[in-house]
Number of protein chains: 2
Amino acid sequence: MTIVEIARMCGVSVQTVSRVINQRPDVSPETRAAVEAAIERVGFQPSAVARSLVQRRSYTLGVIAAGLRYFGVAQTLNGITAESEASGYALLLKEIASSGQVDIMPEIALLMAHRVEGIIFAAPDLGADLAEVRARLPRASPPIVFLKSDPSAAFSTILIDNHAGAREATRHLLSLGCRRIGHLAGPLTWHEARDRHSGWLDTLREAGQTPGPVQVGDWTSASGASAFEAMLLADPEMDGVFAANDQMALGVLSVANRRGIAVPNELALVGFDGIEEGAQFTPSLTTVRQPLRELGRLAVRELIETAEPGPDGAPVRALTLAPELVIRESAPAARADDAP
Amino acid sequence: MTIVEIARMCGVSVQTVSRVINQRPDVSPETRAAVEAAIERVGFQPSAVARSLVQRRSYTLGVIAAGLRYFGVAQTLNGITAESEASGYALLLKEIASSGQVDIMPEIALLMAHRVEGIIFAAPDLGADLAEVRARLPRASPPIVFLKSDPSAAFSTILIDNHAGAREATRHLLSLGCRRIGHLAGPLTWHEARDRHSGWLDTLREAGQTPGPVQVGDWTSASGASAFEAMLLADPEMDGVFAANDQMALGVLSVANRRGIAVPNELALVGFDGIEEGAQFTPSLTTVRQPLRELGRLAVRELIETAEPGPDGAPVRALTLAPELVIRESAPAARADDAP
DNA sequence: TTGAAAGCGCTAACAT
DNA sequence: ATGTTAGCGCTTTCAA
């Protein structure tokens, strides 16, 4: 079923059918009605493929994601789908392994073959890798937005200010009177993990406090539990922990509850991410909420503005979104024993 | 940059370039090398759009998903991306609202416009809606696999045996000596929620036990907490709870811990899903793990077998996957006070 | 082993 | 308001 058949059925030219399909004004109401009726009757769907070919526009965006099973990525993807839906763009999704030196050139090539008009790179920034990716990009590649990645002169980036979020978390622990604040970090190959770590460290240094123990986890709650055990061994005096994500913070709570360490009175705890379940942890989790849906949304907007440049053209931008401290029981506004 | 330019550069016909691109054998080694070199040099990417048009094959699958931010859907999508990647298919993703009487015809139409070769419907089965969807489907629609939905004669379905999983969970609670087992259900508009509820109910009836209180949540841990409060009010004697997902089970734990209800000794608890974090809950969560990645994988395989029919053609199938009980502390193999 | 011609389903540009 | 022509970038005949 093609446009030609519809034209034949209605006794008009293909062009007229095309005009009806594209809602052009220059068609008489009767003709339009007849064509629309025919289209409806046979259930005709104009081919986006043919249209893409002739218009050299696909109205499609590509997404390269890693770790869909993680809250953060899934949440970002949710923002991406919402915004692209609203803007009338289709989405081509590629998931890559979330660890290891994966070569993403094949993924980029595939998206380019499909003539996507922009690419959102929502995989973790493993530093050197990404610099190389950027260098090796084909010259004709469509605009790419790198999420949660270092700004660059050549590409748009949108990131969440992990350093500031970590500072807020750590300052909150300090304000609670913690004297020995440890950090449960994510894998330090990750950009986010490094920034959260340095935010913690900088804040303690500025406050003139000796940093507590540091352990590295792999973002899972299981790793959080074992890392926290190691931190306790390293410094039994520890009275505060800033965990680089909520899952690992859950691991801390698990061990603390098991050992009878009272949270927040003996040990205050702040996580990072803002997963919904944190409100139901025992005790509920103070955390730093990331605007992840917003991140996804902005990424799409950025690409579409490049594809459909407005008056100011298509700038390479570096946006930064601010996370927000969410105070709950694991590190309350004031300690219970400080209360009157 | 097109195939024509490459041909011109190499002094051969477009056909020869096409042959090289498609790895056809009938090209002399020298010609092939020259063409490949030219392609490499200019970074040429053959257009999948043009190829789709002429071949009438897109090598693309469509996914309609809802609730990407939920563990289950994200996990399924992970299986879908893995398998389609392995099979050389691209993925067009559409997310729809996870509640309300959404009309998905526009989504189907969009995917059809892009000439996808199959559609995976990974949104919740809200009963009547889906029956209607099936009835109103355009005749020329590509094969559709419905996930977690009632079997039908016209469409392939893959589902997880929620009823059996719920029975296993409930039987486990019975084996622990629970006499008053409540159920924290999901929204009963969901197929899964209904099956889990009926699995619980049937098991108790067969065992000759009076069913405990039932409350309906919305899958979130916050709703689980308030629903559990209501259940406690309804029946203070309750000594076992089967929750329809792990998040809501977390809500139960939260309330139990706060009120000093000892889990599992005073109240045994089983969840559903198998989220990773369950192992770090306090206490760790006994649950029914769903093979969600496998679900996604099979959906893709099913569609590809239809698109590329083997010797037996393209059957409409109804597959059922079995979930698996994972025993942890919240409902252990034997109660602590039963131990020697 | 290679090439020429035709056409996939649609829209842009120019007719009328 | 409608039709004609050309062509998007590729593959599929068929011919050499």
Side-chain angles (χ1 to χ4, degrees), chain A residues 1-36 38-39 42-60 88 90 109-117 138 140 142, chain B residues 1-36 38-39 42-60 90 109-117 140 142:
Chain A
M1 187 50 61
T2 78
I3 208 179
V4 182
E5 313 224 27
I6 303 288
R8 198 169 293 150
M9 286 169 59
C10 302
V12 298
S13 73
V14 288
Q15 187 47 235
T16 302
V17 178
S18 172
R19 282 179 179 118
V20 171
I21 289 169
N22 294 286
Q23 323 251 44
R24 296 280 187 62
D26 48 353
V27 182
S28 76
E30 308 82 53
T31 312
R32 184 184 301 276
V35 172
E36 277 170 350
I39 287 176
V42 303
F44 168 70
Q45 273 296 332
S47 162
V49 176
R51 180 183 281 150
S52 291
L53 182 61
V54 65
Q55 293 194 142
R56 280 92 158 268
R57 298 229 26 200
S58 63
Y59 292 94
T60 300
L110 185 134
L111 293 177
M112 285 180 64
H114 283 268
R115 299 300 188 255
V116 297
E117 297 182 28
Chain B
M1 187 51 62
T2 78
I3 209 179
V4 182
E5 312 226 28
I6 303 288
R8 200 169 290 150
M9 286 169 59
C10 300
V12 298
S13 73
V14 288
Q15 185 46 232
T16 302
V17 178
S18 172
R19 280 178 180 121
V20 171
I21 289 168
N22 293 285
Q23 324 252 43
R24 297 280 185 63
D26 49 354
V27 182
S28 77
E30 307 82 55
T31 312
R32 181 183 303 274
V35 172
E36 278 170 349
I39 288 176
V42 302
F44 167 70
Q45 274 293 336
S47 162
V49 176
R51 180 183 282 150
S52 291
L53 181 62
V54 65
Q55 289 191 145
R56 280 92 158 269
R57 296 230 26 201
S58 62
Y59 292 97
T60 300
L110 184 134
L111 294 177
M112 284 181 64
H114 282 270
R115 300 301 189 255
V116 298
E117 298 181 26

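The chains referred to below are lettered A, B, ... by the order of the sequence lines, with proteins before strands, and numbering in each begins at 1. These numbers come from the heavy atoms of this one structure, side chains and all, not from hydrogens, waters or symmetry mates.
In this structure, the CD atom of Glu5(B) is 14 Å from the C1' atom of dC10(D), given to the nearest Å. The distance from atom OH of Tyr59(B) to atom P of dT11(D) is 11 Å, rounded to the nearest whole Å. Protein atom CG of Asp26(B) is 17 Å distant from nucleotide atom P of dA15(D), rounded to whole Å. Rounded to whole Å, the distance from CD1 on Ile6(A) to P on dG3(D) is 15 Å. In this entry the distance linking CZ of Arg57(B) with P of dC10(D) reads 19 Å, nearest Å. The interatomic distance linking Gln23(B) (CD) with dT1(C) (C1') rounds to 18 Å, in whole Å.
Residue Arg19(B) holds its CZ atom at 6.5 Å from OG of Ser13(B), rounded to the nearest 0.5 Å.
Taking only side-chain nitrogens and oxygens, Thr16(B) comes nearer than 4.0 Å to OP1 or OP2 of dG3(C).
Within the 4.5 Å cutoff, no side-chain heavy atoms of Ser52(A) are placed close to those of Arg115(A). Inter-residue side-chain proximity for His114(B) and Thr60(A) is flagged as met; some heavy-atom pair is nearer than 4.5 Å.
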Notebook entry, point to check: Just by protein heavy atoms under 4.0 Å, how would nucleotides 6-16 of chain C read 5' to 3' in B, S and -?
Noted result: -BBBBSBBB--
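With Glu117(B) contributing its side chain and Pro142(B) its backbone, the two residues share no donor-acceptor pair below 3.5 Å. Without hydrogens or angle criteria, Arg24(A) side chain to Ser18(A) main chain gives no donor-acceptor distance under 3.5 Å.
The environment of CZ in Arg57(B) is crowded: more than 12 heavy-atom neighbours from other residues, nucleotides or ligands sit within 6.0 Å.
Nucleic acid contact class of Val49(B) (heavy atoms, under 4.0 Å, all strands): none. Among the atoms of the strands shown, only primed sugar atoms or phosphate atoms (P, OP1, OP2) are found under 4.0 Å from some heavy atom of Thr31(A).
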